[in-house]
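Take a look at the structure below.
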Amino acid sequence: QVQPVESGGGLVQAGDSLRLSCAIPGPTISHLSMGWFRQTPGKEREFVAAISWAGSTYYADSMKERVAISRDKDRNIAWLQMNNLRPEDAGVYLCAAGYGLGTMAANYPYWGLGTQVTISS
């Protein structure tokens, strides 16, 4: 079973950095893409970043200058480094996994429960 588990969220100040982690327990899952989405009340899940099995990365225009996604394929772990955080970056950050790739949430069948990121101004 592919069950992502996020960690690393918390309360930070505007301008701070934060590193989120997503781990999928179990043996290496080949050809799995992993991504991050942000959920805020009243809005659809918003794409943040994704990384393919081959290591290609994709970013939302709104954050691409301030975030970086990376992964350890052998351990089924992905990280999202976020820098210079702004109040509008706040939300629940969800890790997604699947065998496709893209910016649409529907491309990812496996989801974690999310980790809350709160940013004070």
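For the numbers below, each heavy atom of this structure counts, side chains included, while hydrogens, waters and symmetry mates do not. Here, residue 1 is the first one in the sequence, and each next residue gets the next number. Here the structure is a predicted model, which is why all the values come from computation and not from measurement.
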| query | Any sub-3.5 Å donor-acceptor pair from D16's side-chain atoms to N84's backbone N or O? | reply | no
| message | Please give me the minimum heavy-atom distance between S7 and T115, naming the atom from each residue. | response | C-OG1, 4.2 Å
| task | Any chance you could measure L20, atom CG, to C95, atom SG, to the nearest 0.5 Å? | result | 9.5 Å
| query | Donor-acceptor pair, S52 side chain versus G55 backbone, under 3.5 Å? | reply | yes
| field | Same apolar cluster (I L V M F W Y, side chains within < 4.5 Å links), L94/V67 | value | no
| said: Taking the side chain as everything from C-beta on, heavy atoms only, tell me whether W111 gets closer than 4.5 Å to R45. | reply: yes
| What distance do L101 atom CG and W53 atom CH2 have between them, rounded to the nearest 0.5 Å? | 13.5 Å
| query | Under a single-linkage definition using a 4.5 Å side-chain heavy-atom cutoff for Ile, Leu, Val, Met, Phe, Trp and Tyr, are I24 and I69 assigned to the same hydrophobic cluster? | reply | yes
| Should V92 and L18 be counted in the same cluster of Ile, Leu, Val, Met, Phe, Trp and Tyr side chains packed under 4.5 Å apart? | no
| Going hydrophobic residue to hydrophobic residue with side-chain gaps under 4.5 angstrom, can you get from Y93 over to Y110? | yes
| query | Rounded to the nearest 0.5 Å, what separation is found between the CE atom of M63 and the CZ atom of R38? | reply | 5.5 Å
| Which atoms form the tightest heavy-atom contact between P109 and G98, and what is the distance? | CD-CA, 3.6 Å
| Roughly how far apart are L32 CG and I51 CD1, rounded to 0.5 Å? | 11.5 Å
| said: When you measure from the side chain of N76 to the backbone of I29, do you find a donor-acceptor pair of N or O atoms at a distance under 3.5 Å? | reply: yes
| query | For the atom pair CD (Q39) and CD (Q116), what is the distance rounded to the nearest 0.5 Å? | reply | 11.0 Å
| E6 side chain to L113 main-chain N or O, any donor-acceptor pair under 3.5 Å? | yes
| query | Within the side chain of Y108, is there an N or O that forms a donor-acceptor pair under 3.5 Å with the backbone of G102? | reply | yes
| said: Taking the basic N atoms (NZ, or NE/NH1/NH2) and the acidic carboxylate oxygens, is any pair closer than 4.0 Å for D61 and K64? | reply: yes
| said: Using a 3.5 Å distance criterion without hydrogens, assess whether the side chain of S33 forms a donor-acceptor pair with backbone atoms of G100. | reply: yes
| query | Are V117 and D89 side-chain neighbours, meaning at least one heavy-atom pair lies under 4.5 Å? | reply | no
| query | If you round to the nearest 0.5 Å, how far is CD1 of I77 from SG of C22? | reply | 9.0 Å
| field | Shortest non-hydrogen contact from A90 toward T40 | value | O-CG2, 3.2 Å
| task | Using atom types as modelled and distance alone, determine if a side-chain donor or acceptor of T118 lies under 3.5 Å from a backbone N or O of L11. | result | no
| said: Contact between R71 and M34 at the side-chain level, heavy atoms closer than 4.5 Å - yes or no? | reply: yes
| field | Working for side chain to side chain contact (heavy atoms under 4.5 Å, CB included), residues S62 and E88 | value | CA-CA 10 Å; S62 62; E88 57 264 35; over 6 Å; no
| With no hydrogens and no angle check, do the side chains of N83 and S17 hold a donor and an acceptor under 3.5 Å apart? | yes
| field | Hydrophobic cluster identity match, V48 and V12, side-chain contacts under 4.5 Å | value | yes
| task | Could you tell me how the ring of F47 sits relative to the ring of F37: parallel (under 30°), tilted (30 to 60°) or perpendicular (over 60°)? | result | perpendicular
